[in-house]
Every structure is written in structure tokens, then in C-alpha cells.
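In the text below, chain A, chain B and the rest are named by the order of the sequence lines, each starting its count at 1. Remember, predicted model here, so these are calculated numbers, not experimental data. Hydrogens, waters and symmetry mates play no part in the numbers below; they use all other heavy atoms, side chains included.
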Amino acid sequence: MVKKDVFTIDGEVVQIIGRELLDWYNRNRRDLPWRKDQDPYKIWVSEIMLQQTRVDTVIPYFQRFIEQFPTLDDLAKAPEEQVIKAWEGLGYYSRVKNLHAAVKEVSAHYGSRVPDDLETISKLKGIGPYTAGAVLSIAYNKKAAAVDGNVMRVFSRLFALTDDIALASTRKKMEHIALQLIPEDAPGDFNQALMELGALICTPSSPQCLFCPLQSVCNAYAEGIEEELPRKKKAKPPKRMDMVMLWLAQDQRALVEKRPDEGLLAGMWGLPTIHLAEAKDPFGEARRFCDKNGLDVTNVTIAGKFEHIFSHQHWKVTVLRGDVKRANDIASPALTWMSAQQIKDKPFSNVYRKALQLFI
DNA sequence: TAATCGTGGCG
DNA sequence: TCGCCAAGATT
């Protein structure tokens, strides 16, 4: 039997970290909207919104969302498109679809009470290891690891760990460390304190080590390598793609397209969009699209060009406009006509809002 | 494991 | 200007 290489932390260091961190947090915690009470539903919503998203961006979305859906059951009862509309512009839209589905699940099968055990809550859509631990610890004060990017950065420096934080195995190692550090009496505050420290002091670049409550026990600071950590493999640059969007208008309405239920911008509305293959002509492809859908179109011109960068795709967009003389039976069920007001009321992602600015 | 999935802010 | 990245989950 091979002895497993487990990272253990000296008991005295554990005590110092717990005490210093909680003390610092009590003096420096930000007054954020989701910290006004301990409603598991609100904490859940905030944690989903905060995934890969900055606090300053989330705040207004969170406030509007809770105003619109004050309780878990309010959200469970709401039509999906209304819920997606409340998320418009936040990005990563599968988050809101998963949240809505999970909330309906809790409403229907758990008496509208957010599960308070790791196994049950982890089965809910959109709740992974981090979010499960965050909700359990913050809402229910249960001892659970909530290891996000902040925590991995803090631990990488605190213990001078050179593991690649992009790897899942590293997150598990960090969870093991977290469980050794979390005080029995304050798991929620401790987890939030770790993240708060990562956000305010132990920042990705130019960490404010001089103001850090853990400076005396930080290995990276002692070695002067805090700027070298954490280690993380570089992401691939987004793939460049030539796209054509169509603004096809008839009688004060435009042709819009509901995007597929899976993939990029799933469930959002958009303008008809064509991925332009290498060396293809925008006008020719637009013509093909119109012919295929029985659209008799004239006066096709370039309305504008812009670029939009997603996580893995870099769109170079050409927007064409045209007047629809006659529309026969439209082939695709995803296509429909909308007025300017209807377009305002439906969820369109930002990349399409950019294009729509050219017209409305 | 690595790719997918948005957006905006910042050094 | 542009690469990096921010309270990740899913496949």
C-alpha cells in the first residue's frame, strides 16, 4: 500500500489563520446586497450570478432579480423567458436555465426548502462543488469547503503551492486544505473571509501583502514569490470567426431568430446569423438564406461592422440590412417577426444588442 | 483532461 | 491596445 501524499497543516498555524482571518473579515467585510440576511435562496442566487462574474457587475442584477422574484417559489412559478430576460447581459446563460430548473425541483420535491446537505444539494442543476459548499456554509453554517478562484489563489500563496489551479485535481487538494482550516463555529464567515481576502488583498496582480492579516504565516511572501503564484496554464485565444447578421424588415417588423436550446447563447433571441466559411461572400450567403426561407428581399446593403469576443470565439460581424418585399412560408420554425417593442421585451444577448443599435 | 460557455474591466 | 481574468459547471 502506497502512502497517499496528503497536505497537512500545522495545528498552531491553523489557529492563527482562523483567528486572524475572521478578525480581519469582521473589520473589512463589504456590505453586499446578499449579505443582508441569511436566506438560502438569495445566497444561492448570488452564488450563481457571481460565477466568473465580478461583484460590481452582479450587484444591480441581483437587486433587480430579487425584487422581481423575492422568494424561491416566485422564481419557480415564473415563465422561463421572463427569468432569462432578468439575466440578459450577464452572460453564461445556462446558469439561469439551470437555476430555474433547480428551483422548480426544490419547490416541487423539497417543500421549497433549499437542501442543507452536500449530497442532496449537489444533485441540483448548476450546483457544483464550489456552489454547494458556499450555500451550505454561508446559509446553513455547515462545515463545507467552498473553493473558488480566490481561495485557490490565497492557498497557492499561503502555502507556496505550485499546482496548476486550472486542474480539477488541484481544486480537490485545496478543498482538503480548506476542511482543515475551517473553524467549527464559523464556516460561513471563514469561507467568505477567504474569498474577501482574495478579492481585496490577495489580488491576482499587485497583492497588498503589507495589509494582509496572514502575512506572518504566508510562505509566498516569505520567499518573495507572491507575484509568481498561483500557477495556471494559459488559455487558448478565442477562435476568429466571420459572421453575418441580417436585419430583414417588413412593415415595421424585423425577422428574428430563437437560438437553439444548446450551445452558445442557448435559448436567447438573436438576428438571423450566418457563420461565414473561408472566403465566402456575405451577400451571397445572405441571398442563400433568404431563398431558403422564401423571402423576397431587395436593397441589401452593409449596415455596419463590429467585433465581439466570447470566451472561445472572436466574432467579426458584418451586419446586412434588407427590405422584405414578400415573405412566403418561412422554412425555419425558429424564425419569427417582431416589432421594436417586442425586441426590447425579449431576451437578446449583448452581441445582438450591439447589432440592434444600428437600427433601434 | 480539455473544451465550452459571456461579458466588461483593467493594467 | 489587448491579453488576462472574475465567487464555476457541464460534458
A.B. asks: Is a donor from one side chain sitting under 3.5 angstrom from an acceptor on the other, for A:S205 and A:E227?
C.D. replies: no
A.B. asks: Give one of base, sugar-phosphate or nothing for A:V58, where a contact means two heavy atoms less than 4.0 Å apart.
C.D. replies: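 Nothing, no nucleic acid heavy atom in range.
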A.B. asks: Find the distance A:I127:CD1 to C:dT10:P and express it as a whole number of Å.
C.D. replies: 9 Å
A.B. asks: Does A:T131 get its side chain close enough to the base of C:dG8, under 3.5 Å, for a donor-acceptor pair?
C.D. replies: no
A.B. asks: Hey, are A:T318 and A:K305 close enough side-chain-wise for a donor-acceptor pair under 3.5 Å?
C.D. replies: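 There is such a pair between these side chains.
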A.B. asks: State which of B:dC5, B:dT7, C:dA9 makes the closest approach to the side chain of A:F310.
C.D. replies: B:dT7
A.B. asks: Can you tell me how far P in B:dA3 sits from the matching atom in C:dC4, rounded to whole Å?
C.D. replies: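 It works out to 15 Å between them.
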A.B. asks: For the side chain of A:H312, starting at C-beta, report the closest nucleotide among B:dC5, C:dA6, C:dG8.
C.D. replies: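 Between B:dC5, C:dA6, C:dG8, the one nearest the side chain of A:H312 would be B:dC5.
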A.B. asks: Rounded to the nearest Å, what distance is computed from the CG atom of residue A:D148 to the P atom of nucleotide C:dA6?
C.D. replies: 10 Å
A.B. asks: Between P on B:dA2 and CZ on A:R171, what's the gap in Å once rounded to a whole number?
C.D. replies: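 Nearest whole value for this atom pair: 16 Å.
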A.B. asks: Any side-chain N or O of A:Q313 below 4.0 angstrom from OP1/OP2 of B:dC5?
C.D. replies: yes
A.B. asks: Take the protein atom OH of A:Y61 and the nucleotide atom P of B:dG6, then report the distance between them rounded to whole Å.
C.D. replies: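 The distance from OH of A:Y61 to P of B:dG6 comes to 13 Å, rounded to the nearest Å.
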A.B. asks: Closest to the A:P204 side chain: C:dA6, B:dT1, B:dT7?
C.D. replies: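 Nucleotide nearest to A:P204's side chain: C:dA6.
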A.B. asks: For A:R35, which contact category applies under a 4.0 Å heavy-atom criterion: base, sugar-phosphate, or nothing?
C.D. replies: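 Base, at least one base atom sits under 4.0 Å.
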A.B. asks: Counting any heavy atom closer than 4.0 Å, what does A:R153 reach on the DNA or RNA strands: base, sugar-phosphate only, or nothing?
C.D. replies: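 If one applies the 4.0 Å heavy-atom cut-off, A:R153 turns out to touch the sugar-phosphate alone, with no base involved.
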A.B. asks: What are the two closest non-hydrogen atoms of A:A146 and A:G133, and how far apart are they?
C.D. replies: CB-C, 3.8 Å
A.B. asks: Taking atom P of C:dC5 as reference, at what distance in whole Å does atom CG of A:L50 sit?
C.D. replies: 19 Å
A.B. asks: Examine B:dA2: is either OP1 or OP2 under 4.0 Å from a nitrogen or oxygen in the side chain of A:K233? Give yes or no.
C.D. replies: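 Indeed, a polar side-chain atom of A:K233 lies that close.
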A.B. asks: Nearest whole Å is fine: how far is B:dG6 C1' from A:Y92 OH?
C.D. replies: 6 Å
A.B. asks: Could you tell me whether the side chains of A:Y61 and A:T53 share a donor-acceptor contact shorter than 3.5 Å?
C.D. replies: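 No pair is found: no donor N or O on one side chain lies under 3.5 Å from an acceptor on the other.
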A.B. asks: What residues, two or more places apart in sequence or in another chain, satisfy salt bridge (Lys or Arg N to Asp or Glu O under 4.0 Å) together with A:E226?
C.D. replies: none
A.B. asks: Using the rule side chain to side chain contact (heavy atoms under 4.5 Å, CB included), only one of A:Y352, A:W337, A:F348 pairs with A:V256; which is it?
C.D. replies: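 Among the candidates, only A:F348 passes.
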A.B. asks: Applying a 4.0 Å non-hydrogen cut-off, can you work out what A:L32 is touching in the nucleic acid: base, sugar-phosphate, or nothing?
C.D. replies: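 Contact class for A:L32: base.
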A.B. asks: Between A:L90 and A:K236, who's closer to the 5' end of DNA chain B by nearest nucleotide?
C.D. replies: A:K236
A.B. asks: Would you call the rings of A:F359 and A:W247 parallel, tilted or perpendicular, where under 30° means parallel and over 60° means perpendicular?
C.D. replies: parallel
A.B. asks: Can you check whether A:Y93 has a side-chain N or O nearer than 4.0 Å to OP1 or OP2 of B:dT7?
C.D. replies: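 Indeed, a polar side-chain atom of A:Y93 lies that close.
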A.B. asks: What N/O pairs connect the protein and nucleotides 8-11 of chain B at under 3.5 Å? Give each pair on its own line.
C.D. replies:
from: B:dG8; atom 1: OP1; to: A:N350; atom 2: ND2; distance (Å): 2.5
from: B:dG8; atom 1: N2; to: A:R54; atom 2: NH1; distance (Å): 2.4

A.B. asks: Using a cut-off of 4.0 Å on non-hydrogen atoms, how would the nucleic acid contact of A:P237 be classed: base, sugar-phosphate, or nothing?
C.D. replies: nothing
A.B. asks: Return the value, rounded to whole Å, for the distance between atom CH2 of A:W269 and atom C1' of B:dG6.
C.D. replies: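 Distance check: A:W269 CH2 to B:dG6 C1' gives 20 Å.
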A.B. asks: For the residue pair A:L197 and A:P213, what are the closest heavy atoms and their distance?
C.D. replies: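 In this case the closest contact between A:L197 and A:P213 is CD1-CD, 3.6 Å.
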A.B. asks: To the nearest angstrom, how far is A:I59 atom CD1 from C:dA6 atom C1'?
C.D. replies: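 After rounding, the reported distance stands at 14 Å.
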A.B. asks: Report which part of the nucleic acid A:L265 touches: base, sugar-phosphate, or nothing (heavy-atom distance under 4.0 Å, all strands).
C.D. replies: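 Touches sugar-phosphate only.
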A.B. asks: Considering residues at least two apart in sequence or located in another chain, which fulfil the ring-ring contact (aromatic ring centres under 6.0 Å, His included) criterion with A:H308?
C.D. replies: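 A:H308 satisfies ring-ring contact (aromatic ring centres under 6.0 Å, His included) with A:F310 only.
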A.B. asks: Considering every strand and a 4.0 Å limit on heavy-atom distances, what is the contact class for A:W34: base, sugar-phosphate, or nothing?
C.D. replies: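 Base, at least one base heavy atom under 4.0 Å.
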A.B. asks: Classify the nucleic acid contact of A:K234 as base, sugar-phosphate or nothing, counting any heavy atom under 4.0 Å across all strands shown.
C.D. replies: sugar-phosphate
A.B. asks: For atom P, what is the distance between C:dT11 and B:dG6, given to the nearest Å?
C.D. replies: 14 Å
A.B. asks: Identify, between A:L167 and A:F348, the residue whose nearest nucleotide on DNA chain B lies closer to the 5' end.
C.D. replies: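 The residue whose closest nucleotide sits nearer the 5' end is A:L167.
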